[in-house]
Amino acid sequence: MGHVYGYTLSLDMTRRDLQGEMKKSRRSWEVGKASANSAPIGPIQTVEVVGHLDNDVIILKVNGDLRQGGDLNQSIGKTPEMISCLTSAPSGQI
């Protein structure tokens with residue numbers, strides 16, 4: 001994990017209306033994920049400042065109201081596994 005510079009958060013803001021239309025017509029869902037500004041990303045927090053994140057709680061609040069929260073230890077993919085997958089897959093295969 002010594003090669004990890006830092007961490008950031010991103011918000012997947014899928015257009016469920018468009019995704020639903022594509023599902024009904026048996027077309028690609030990609031259009032629901034490809035809207036302008038649909039994946040804002042926060043600033044990178046360096047490992048030197050925050051340490052390695054693995055058993056930490058992350059939350060999303062909108063105007064002070066909790067919308068979503070969870071513990072990173074519940075993630076399907078752990079950081080080392082994701083790095084291994086991303087660095088070993090042939091280009092275009094992810």
side-chain hydrogen bond (donor to acceptor under 3.5 Å, both in side chains) involving R26 - partner list, sequence neighbours excluded: none

Residues, nucleotides or ligands: over 12 heavy atoms within 6.0 Å of I44 CD1: no

Between OH on residue Y5 and CD on residue Q45, distance to nearest 0.5 Å: 10.0 Å

Heavy-atom check, side chain of M1 versus side chain of T79, under 4.5 Å: yes

Nearest atoms (heavy-atom pairs only) where I41 meets S10: CG1-OG, 3.7 Å

For Q19, the option from K23, R15, R16 that meets side chain to side chain donor-acceptor pair (under 3.5 Å): R16

Test item: T87 side-chain N/O and I83 main-chain N/O as donor-acceptor pair under 3.5 Å: yes

Main-chain N/O of G6 paired with T46 side-chain donor or acceptor, under 3.5 Å: no

Scan the side chains in residues 49-78 for donor-acceptor partners under 3.5 Å anywhere in the protein, sequence neighbours excluded, and list what turns up.
from : atom 1 : to  : atom 2 : distance (Å)
H52  : ND1    : Y7  : OH     : 2.9
D56  : OD2    : D54 : N      : 3.3
D71  : OD1    : N73 : N      : 3.0
Q74  : OE1    : D71 : N      : 3.4
S75  : OG     : L72 : O      : 3.0
K78  : NZ     : N73 : O      : 2.8
K78  : NZ     : S75 : O      : 3.0

